[in-house]
There are 2 protein chains.
Amino acid sequence: MTARTSAETARDIPEATVARLPVYLRALTSLSEAGTATCSSEELAAAAGVNSAKLRKDLSHLGSYGTRGVGYDVEYLRYQIAREIGVTQDWPVVIVGIGNLGHALANFSGFRSRGFRVVALLDADPRLHDTTIGDLPVRPFDQLEPLVHKHAVAIGVIATPAHAAQAVADAMVGAGIRSILNFAPTVLAVPEGVDVRKVDLSIELQILAYHESRKTPGVADVVPPAARPEIDGVDDDAAEEVIA
Amino acid sequence: MTARTSAETARDIPEATVARLPVYLRALTSLSEAGTATCSSEELAAAAGVNSAKLRKDLSHLGSYGTRGVGYDVEYLRYQIAREIGVTQDWPVVIVGIGNLGHALANFSGFRSRGFRVVALLDADPRLHDTTIGDLPVRPFDQLEPLVHKHAVAIGVIATPAHAAQAVADAMVGAGIRSILNFAPTVLAVPEGVDVRKVDLSIELQILAYHESRKTPGVADVVPPAARPEIDGVDDDAAEEVIA
DNA sequence: CGCGTTTTGTTCTCACGTTCACAAACTCCT
DNA sequence: AGGAGTTTGTGAACGTGAGAACAAAACGCG
């Protein structure tokens with residue numbers, strides 16, 4: 001896992017920086033499409049919604065791709081960031097759980113343009129196995145492993161209800177997938193070496209609610225007479241139901 | 001915005017803690033439904049996927065709700081966290097942009113059980129104005145302000161294509177909304193005092209791709225001959241298209 | 001009643017991330 | 001060629017968060 005071919009870049013990019021690189025990439029693409037050939041850290045930072053010092057420090061972790069007194073070449077920097085992230089070629093992706101959300105994800109056209117390609121859709125519900133989304137058929141869940149091997153899939157997306165998510169994750173890991181994007185509202189247990197990222201609507205809304213309730217003391221500070229029985233439901237429907 | 005009625009809790013809960021409270025809330029609900037009356041920090045931490053020291057420190061920011069030698073009363077702690085977050089009563093929410101994703105969000109049943117209630121769906125496309133999702137009709141976008149006032153909405157969800165998101169955000173702010181959950185892949189500019197949280201599929205996938213490409217040097221290290229023209233597309237379809 | 005056991009709440013230390021501020025490096029103009 | 005003006009890259013200061021470790025508090029039992 002060592003001995004890189006060329007241009008040994010500094011090997012430790014901070015996690016916080018990694019999380020911002022995709023934002024810079026998108027901002028650069030936007031600038032590029034607007035016909036901008038060169039930009040300063042100030043401009044790019046504004047487009048990305050961060051401050052310029054942070055931007056410069058982030059970029060400095062990948063190397064010195066700017067020119068003092070001038071700024072950054074948009075195309076060049078864009079390619080360098082794409083290469084660093086690893087999206088200079090498409091990553092094959094499978095989506096498991098074709099309910100409302102899975103359906104929306106399958107139709108999401110931003111995949112292709114941002115370095116990903118959906119190669120398979122899977123669902124346990126036999127009623128879905130006839131259907132097609134875009135030009136992809138929905139396959140039975142037990143075909144996960146052959147499909148993963150066939151397309152050399154490394155990234156899996158879980159869009160099932162919460163109660164099914166752990167089993168899906170286990171199967172993905174078993175099939176060789178080592179990066180999982182989880183939309184189901186549950187904590188996944190995975191072995192060492194497998195990355196899981198979580199996207200959780202309820203959590204985001206609750207964080208907003210927290211701040212909102214400090215902003216407007218009059219609205220939500222009215223504490224109900226007693227603890228309501230149903231605050232949070234560990235509901236199965238979780239991410240969604242099975243079909244639209 | 002001072003002078004709280006009772007039990008003045010420490011006023012500065014760290015942001016990192018706030019982001020975990022919803023996870024604890026869900027774990028507690030799960031324990032509660034499993035019939036557990038009491039739990040230790042160790043158990044709860046395991047259920048929430050964090051370590052117990054962090055959990056205890058987080059909870060200590062809200063007050064002393066545990067009993068040494070015993071642990072936490074599940075129901076009591078659940079209510080205290082819900083109250084701290086501000087989800088002891090439902091927050092009215094509007095969703096703008098009823099494409100694939102907006103449709104999925106509108107059908108998301110976890111809203112209700114987690115402290116939120118969708119009170120209106122809006123879209124600029126007249127073809128949608130006849131349709132109904134669940135029992136909610138899709139309204140024209142220009143009815144945002146009256147609907148926000150009518151239902152005292154404080155939280156807005158943007159599920160439009162990227163090119164429309166800023167205009168929607170401006171309208172939301174104009175209508176009095178001060179918390180926005182943005183699914184469109186674009187950076188929103190909002191005035192001071194307005195909170196924006198971003199959910200971005202492409203970014204999450206790209207972060208996974210970054211780590212994946214360091215795990216399997218053989219897969220994505222094959223650098224293409226030259227910078228590909230289409231790495232990232234600042235595409236309009238962005239979050240999705242207009243209808244399923 | 002006192003002692004051992006359990007588990008919380010908190011303190012201390014270290015690592016990480018952000019921001020400031022400035023030297024180094026480049027361009028442009030005279 | 002040289003100096004003024006820009007803009008990057010980075011060192012240093014600061015703030016926030018994570019984890020270890022332990023004292024304080026509750027319980028149970030003899």
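Order of the sequence lines sets the chain letters (A, B, ...), proteins ahead of strands, with each chain counted from 1.
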How far apart are the C-alpha atoms of B:Thr67 and B:Thr38, what are their side-chain angles, what is the distance that settles it, and do they pass the side-chain contact (heavy atoms from CB on, under 4.5 Å) test?
-> CA-CA 10 Å; B:Thr67 307; B:Thr38 283; over 6 Å; no
A:Tyr76 OH to D:dT8 P, straight-line distance once rounded to whole Å = 16 Å
Of all of residues 43-50 of chain B, which get a heavy atom below 4.0 angstrom from DNA chain D, listed by number?
-> none
Which residue pairs pass the salt bridge (charged side-chain N to carboxylate O under 4.0 Å, His left out) test with at least one member in residues 189-207 of chain B, sequence neighbours excluded?
-> A:Arg26-B:Asp200, A:Arg197-B:Glu204, A:Glu204-B:Arg197, A:Lys215-B:Asp195
So which one's nearest nucleotide on DNA chain C is more toward 5', A:Val70 or B:Cys39?
-> B:Cys39
Salt-bridged, B:Arg214 to A:Glu84, with N to O below 4.0 Å?
-> yes
Under a 3.5 Å distance rule, please check whether [X] uses its side chain to pair with a backbone N or O of [Y] as donor and acceptor.
| X | Y | result |
| --- | --- | --- |
| A:Trp91 | A:Gly86 | yes |
| A:Gln206 | B:Arg114 | yes |
| B:Gln166 | B:Ala189 | yes |

Outermost DNA chain C nucleotides near chain B [under 4.0 Å, heavy atoms] | C:dT6 to C:dC12
Residues which pass side-chain contact (heavy atoms from CB on, under 4.5 Å) with B:Val93, listed by chain and number, not counting sequence neighbours | B:Phe116, B:Ile155, B:Val157
Can you name the residues that form a side-chain contact (heavy atoms from CB on, under 4.5 Å) with A:Ala45, not counting sequence neighbours?
-> A:Val50, A:Ser52, A:Leu55
Under the side-chain contact (heavy atoms from CB on, under 4.5 Å) rule, what do B:Glu15 and A:Ile207 come out as? Steps first, then yes or no, please.
-> CA-CA 9 Å; B:Glu15 198 51 38; A:Ile207 294 171; 4.1 Å; yes
Sequence-aligned protein contact record of nucleotides 15-25 of chain D, with B where the base is within under 4.0 Å of a protein heavy atom and S where only the sugar-phosphate is | --SBB-B--BB
So B:Tyr72 and B:Leu28, side-chain contact (heavy atoms from CB on, under 4.5 Å) or not? Walk me through it.
-> CA-CA 10 Å; B:Tyr72 301 93; B:Leu28 283 166; 5.9 Å; no
